[in-house]
Amino acid sequence: MPKSRIRKKADYTPPPSKQTTAIKLNSRAWVAPVMLAMFLIGLAWIVVFYVTDGSLPIDSLGNWNIVVGFGFIAAGFGVSTQWK
């Protein structure tokens with residue numbers, strides 16, 4: 001009876017390495033200045049409201065001026081999510 005041929009197993013060859021691609025960090029130039037401006041406007045709005053005993057920036061808003069100031073600060077955080 002003839003012997004069957006013995007198949008030689010191929011040596012282990014690791015899978016080909018993935019090509020690394022350069023990640024472009026194209027940060028939008030407008031994001032940082034707008035973010036900082038929103039933070040500072042909000043802070044200044046609240047500080048002016050407290051320093052002037054509520055007569056400025058807008059007298060008719062009353063205590064809602066605090067909400068407006070925090071709204072600017074929240075908008076600054078919203079803009080900061082666009083930063084890459």
Side-chain angles (χ1 to χ4, degrees):
M1 185 179 274
K3 279 188 168 181
S4 62
R5 293 183 192 162
I6 299 173
R7 293 185 218 164
K8 183 179 177 186
K9 287 187 177 182
D11 293 333
Y12 173 75
T13 56
S17 63
K18 295 181 181 178
Q19 295 290 337
T20 57
T21 58
I23 299 173
K24 293 181 182 180
L25 298 176
N26 293 349
S27 182
R28 300 172 189 158
W30 60 271
V31 173
V34 170
M35 176 183 65
L36 291 175
M38 296 294 236
F39 288 153
L40 293 175
I41 290 170
L43 179 65
W45 194 288
I46 294 170
V47 167
V48 167
F49 174 72
Y50 277 116
V51 168
T52 61
D53 292 326
S55 62
L56 287 176
I58 300 176
D59 189 28
S60 63
L61 288 180
N63 286 335
W64 283 97
N65 280 306
I66 298 170
V67 175
V68 172
F70 278 113
F72 276 111
I73 293 171
F77 280 114
V79 171
S80 72
T81 62
Q82 300 298 315
W83 199 356
K84 291 184 179 182

Residues 33-40 side chain polar contacts: donor-acceptor under 3.5 Å, at least two apart:
none

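- Evaluation of the side chain to side chain donor-acceptor pair (under 3.5 Å) test over residues 32-42, restricted to residues two or more places apart or in two chains, returns none.
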Could you go through residues 65-74 and list every donor-acceptor pair under 3.5 Å that involves a side-chain atom there, pairing it with any protein atom two or more places apart or in another chain?
residue: Asn65; atom: OD1; partner: Trp45; partner atom: NE1; Å: 3.2
residue: Asn65; atom: ND2; partner: Ile58; partner atom: O; Å: 2.8
residue: Asn65; atom: ND2; partner: Gly62; partner atom: O; Å: 3.0

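- Between Gly54 and Asp59, the closest heavy-atom pair is O-OD1, 3.5 Å.
- Linking Ile, Leu, Val, Met, Phe, Trp and Tyr residues whenever their side-chain heavy atoms come within less than 4.5 Å places Phe77 and Ile46 in a single cluster.
- Note on Leu56: it does not cluster hydrophobically with Leu61, by side-chain heavy-atom contacts below 4.5 Å among ILVMFWY residues.
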